[in-house]
Peer 1: 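Questions regarding the structure given below will be posed in turn.
Sequence lines set the chain letters: A, B, ... in the order given, protein chains first and strands last, and positions in each chain run from 1. Every heavy atom of this structure was used, including side-chain atoms; hydrogens, water molecules and symmetry mates were not.
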2 protein chains.
Amino acid sequence: MNIYDIANRANVSIATVSRVINNSPKVSEKTRKKVLDIVNELGFTPNVFARGLGLNTMKTIGILCSDPSDIYVAGALSCFEKMLRKNGYDSLLCCSGYDTKNLKKYIDILISKSVDAVIMIGSKYISSRDNKNLIKNTAKSLPIFLINGSLKGENIYCAYYDDFNATKKCTDMLYEAGKRKLLFLYNSTSQSAKRKLDGFMKGCKEYKHSGILFTSLLCTENDIESILSALFKFGKENFIPDGIIASDDFLAMIALKFAKQNNISLPEDLSIIGYDNSIFSKVSYPELTTVDSRLFDLCSHSVNTLLEVFGGQSPENITVFEPMIIERDTFRT
Amino acid sequence: MNIYDIANRANVSIATVSRVINNSPKVSEKTRKKVLDIVNELGFTPNVFARGLGLNTMKTIGILCSDPSDIYVAGALSCFEKMLRKNGYDSLLCCSGYDTKNLKKYIDILISKSVDAVIMIGSKYISSRDNKNLIKNTAKSLPIFLINGSLKGENIYCAYYDDFNATKKCTDMLYEAGKRKLLFLYNSTSQSAKRKLDGFMKGCKEYKHSGILFTSLLCTENDIESILSALFKFGKENFIPDGIIASDDFLAMIALKFAKQNNISLPEDLSIIGYDNSIFSKVSYPELTTVDSRLFDLCSHSVNTLLEVFGGQSPENITVFEPMIIERDTFRT
DNA sequence: CTGTTAGCGCCTTCAT
DNA sequence: ATGAAGGCGCTAACAG
């Protein structure tokens, strides 16, 4: 079934049918109704290929992410799909895994499907110089939206969170609460993780002369056991922290587990601050004090920007959101 | 850039270029190489619309789910995308939320994008008679794959887990461990939840004459506070359970939290068994004993079935996977 | 307001 | 082994 069939039945030309389908104003109400009735009766849906072929747009956005089973990614994905759909766009999902080397491959896939834009969730993609150039190049042909990452360039729109400020603030708070042996836990060397680490270091260095000890632990292995044993080994060596800042709630949960296994009392002997205000932070006991990464704000802002770009406007290229610390039970000021 | 450009540069016709792109055997090695070189040099990718217009397939699978921020859905999504991509298929994501009434709307969206098949994650969609008929009807035009749900019908392929057996087994184990006041927690009336509830009831009824008390609690509100307060109110009334089976790990986590808040010792005074073997069960302390829902098996089996269907074979329509209980710390036999 | 027609880029059948 | 040409369904420019 195609517009010819509809046109035949309605005794009009295919052009008229096309106009009706696309809500063109220049159709008489009478013809419109006649055509619409037949369209509904036959349950006709225009063929996207044919439409795309002419318009070269399929109202589809490519969403590039590492892995939706990551809780942060899943949240972003959920938000994007919902908002995009509300505005008539479909979401083509493309998961790259945690290796960012073959970004080109995935971008090519999305481009070959003629997506109208690419949303990249996570700052890992911007780590290498090659990838940066690749993204800048890609942006020549379609707008790119970076969630949680920062890259200057035409047709590139970034929204991220001021992680530096956030961890700096956390460090300050821990110090002011009397904590003097601080540990920063992180699991990636992404832009975002770096910003967090930098904020932590900055804070610690300011208190250096006040007898503060601090260090950071990169947990590259992502399974719980290895992180726990790293923590354990770490604690044994020389440094038993009284304050931990984690780059995400998952790591914070493991730190919490470690503390409980070792009968360390929270938050007196050890304070823990997580990151993301994820479901983990609410479901745990005690509940995690955490940094709200305002995922929803980031995502909805990005979709709005996207709509503005498609609407021919020129929105800001970079938007930074301010941190907010959610105090729960693992640390209180 | 299109095949005409390539054809020009290579001094061949577009037909030849098309043949090369599609690995047709009837092209001389020499021409093939000549064309391929230019294709690679220019980074040419055939236009999917044009291709789809003729072939009416876009090598895209529609994935219908409630919400990827649900941890189970996220896991399935991750698995599907990965396996489909490996086999040259893209994933078009479509999230319906938890209201299953407008299934038709979402199916129409996917069909209008000419997906080659639809994968439906979650058994909620099969709840109403209307939806069942809708799915059967849709299956006339393209294959449908049901994850965690069961519906007989041509061109409908189901993979689910024997939840009945699983909760039945859990109930048996709790009874054998001396538990006599059992509670089943669930949060949905999906097929899968019903199977779980039935298994629990079956088990309990068998022990009815041995002085066992049992009941179930449907937690429709999905926020932690209301579930906690439901549990609290519940405990106050008349029934303090010594064994809880939850329909997912999230509910189990909340039960765990409740127990800890009320200084109930685990697993002595209260045993908890979760469901799904999700990240929750491993990150909590004590770790959750849980039922492994073998998500990965379900998903990969479904993708294999899908490939078989596309390959013209006739695989089994319904596959049931057997339960496996993972013993951790909240209950031990 | 409505109809005619030329593409959009590719695949495929039919000639050669 | 290769080329020419029709057709896939739709949109938009143009003509009436």
Side-chain angles (χ1 to χ4, degrees), chain A residues 1-39 42-60 88 90 108 111-116 141-142 310, chain B residues 1-39 42-60 88 90 108-109 111-116 141-142:
Chain A
M1 182 175 31
N2 52 36
I3 51 173
Y4 289 92
D5 299 328
I6 308 289
N8 272 336
R9 295 226 191 187
N11 276 320
V12 295
S13 74
I14 56 162
T16 302
V17 178
S18 176
R19 287 191 191 101
V20 171
I21 294 171
N22 295 289
N23 290 316
S24 160
K26 17 188 183 177
V27 185
S28 74
E29 267 318 306
K30 205 174 148 191
T31 350
R32 180 186 308 282
K33 185 178 176 344
K34 188 170 59 176
V35 172
L36 272 184
D37 282 350
I38 300 187
V39 164
L42 272 64
F44 165 72
T45 335
N47 179 307
V48 275
F49 301 130
R51 181 174 263 172
L53 189 53
L55 301 181
N56 210 36
T57 167
M58 196 150 129
K59 295 217 97 184
T60 299
D90 284 319
D108 281 350
I111 288 188
S112 81
K113 289 276 173 167
S114 291
V115 296
D116 300 326
S141 47
L142 81 182
F310 286 163
Chain B
M1 179 176 33
N2 53 34
I3 51 171
Y4 290 92
D5 299 328
I6 309 289
N8 274 336
R9 295 227 193 187
N11 275 321
V12 295
S13 73
I14 58 161
T16 304
V17 177
S18 176
R19 289 190 189 101
V20 171
I21 295 172
N22 295 289
N23 290 316
S24 159
K26 21 187 181 176
V27 185
S28 76
E29 268 319 305
K30 203 173 148 190
T31 2
R32 179 186 307 282
K33 185 177 174 346
K34 189 169 60 177
V35 172
L36 274 183
D37 283 349
I38 298 185
V39 164
L42 270 63
F44 165 73
T45 336
N47 180 305
V48 274
F49 302 132
R51 178 173 267 171
L53 189 53
L55 301 181
N56 211 34
T57 166
M58 197 151 130
K59 296 218 91 179
T60 298
D90 284 319
D108 281 349
I109 287 175
I111 287 188
S112 80
K113 289 278 171 165
S114 290
V115 295
D116 300 325
S141 48
L142 80 183

Peer 1: Would you mind telling me which of dG3(D), dT11(D), dC10(C) lies closest to the side-chain atoms of R51(B)?
Peer 2: dC10(C)
Peer 1: So does R32(B) have more than 12 non-hydrogen atoms from other groups sitting under 6.0 Å from CZ?
Peer 2: yes
Peer 1: Of the listed nucleotides (dT11(D), dC10(D), dT2(D)), which one gets closest to any side-chain atom of S18(A)?
Peer 2: dT11(D)
Peer 1: Distance check needed: dC10(D) C1' versus N23(A) CG, whole Å only.
Peer 2: 16 Å
Peer 1: Side-chain donor-acceptor pair under 3.5 Å between R51(A) and N22(A), yes or no?
Peer 2: yes
Peer 1: Take the protein atom CG of D5(B) and the nucleotide atom P of dC8(C), then report the distance between them rounded to whole Å.
Peer 2: 11 Å
Peer 1: Between C1' on dT2(C) and NZ on K30(A), what's the gap in Å once rounded to a whole number?
Peer 2: 14 Å
Peer 1: To the side chain of L53(B), which of dC10(D), dG9(C), dT2(C) is closest?
Peer 2: dG9(C)
Peer 1: Under 4.0 Å between any heavy atoms, over every strand shown, what does I14(A) touch: base, sugar-phosphate, or nothing? Just pick one.
Peer 2: base
Peer 1: Nearest-nucleotide wise, let me know which of I21(A) and T16(B) is further upstream toward the 5' end of DNA chain D.
Peer 2: T16(B)
Peer 1: Can you find a side-chain donor-acceptor pair between D90(B) and T60(B) that sits under 3.5 Å?
Peer 2: no
Peer 1: I want to verify a distance call: between dG3(D), dG3(C), dC10(C), whose nearest atom is closest to the S13(B) side chain?
Peer 2: dG3(D)
Peer 1: Name the nucleic acid region contacted by L55(A), choosing base, sugar-phosphate or nothing; use a 4.0 angstrom heavy-atom cut-off, strictly under.
Peer 2: sugar-phosphate
Peer 1: Without decimals, in angstroms, what is the distance between I3(B) CD1 and dA4(D) P?
Peer 2: 13 Å
Peer 1: dC1(C), OP1 or OP2 - any side-chain N/O from T31(A) closer than 4.0 Å?
Peer 2: no
Peer 1: If you only use heavy atoms from C-beta on, which nucleotide in dT2(C), dC10(D), dT13(C) is closest to the side chain of R19(B)?
Peer 2: dT13(C)
Peer 1: Which nucleotide, dT2(D), dG9(D), dG9(C), lies nearest any side-chain atom of A50(A)?
Peer 2: dG9(D)
Peer 1: From the set dG3(D), dG9(D), dA5(D), return the single nucleotide nearest to any side-chain atom of N2(A).
Peer 2: dG9(D)
Peer 1: Which pair of non-hydrogen atoms, one from Y4(A) and one from I14(A), has the smallest distance, and what is that distance?
Peer 2: CD2-CG2, 3.5 Å
Peer 1: Output the single nucleotide from dC10(C), dC10(D), dA12(D) whose closest atom is nearest the side chain of Y4(B).
Peer 2: dC10(C)
Peer 1: Choose from dT2(C), dT2(D), dG9(C) the nucleotide whose nearest atom is closest to any side-chain atom of S28(B).
Peer 2: dT2(D)
Peer 1: Starting at atom NZ of K26(B), determine the distance to atom P of dT2(D), rounded to an integer number of angstrom.
Peer 2: 12 Å
Peer 1: Using atom CG of N8(B) as one end and atom P of dG9(C) as the other, report the distance to the nearest whole Å.
Peer 2: 14 Å
Peer 1: Is there a donor-acceptor pair under 3.5 Å between the side chain of D5(A) and the backbone N or O of N8(A)?
Peer 2: no
Peer 1: May I have the distance from E29(B) (atom CD) to dT2(D) (atom C1'), rounded to whole angstrom?
Peer 2: 15 Å
Peer 1: When the distance from CG of N22(B) to P of dC10(C) is rounded to whole Å, what number comes out?
Peer 2: 10 Å
Peer 1: Checking all strands, does V12(A) fall into the base, sugar-phosphate, or nothing category for heavy-atom contacts under 4.0 angstrom?
Peer 2: sugar-phosphate
Peer 1: Treating D108(B) as the side-chain partner and I111(B) as the backbone partner, does any N or O pair qualify as donor plus acceptor under 3.5 Å?
Peer 2: no
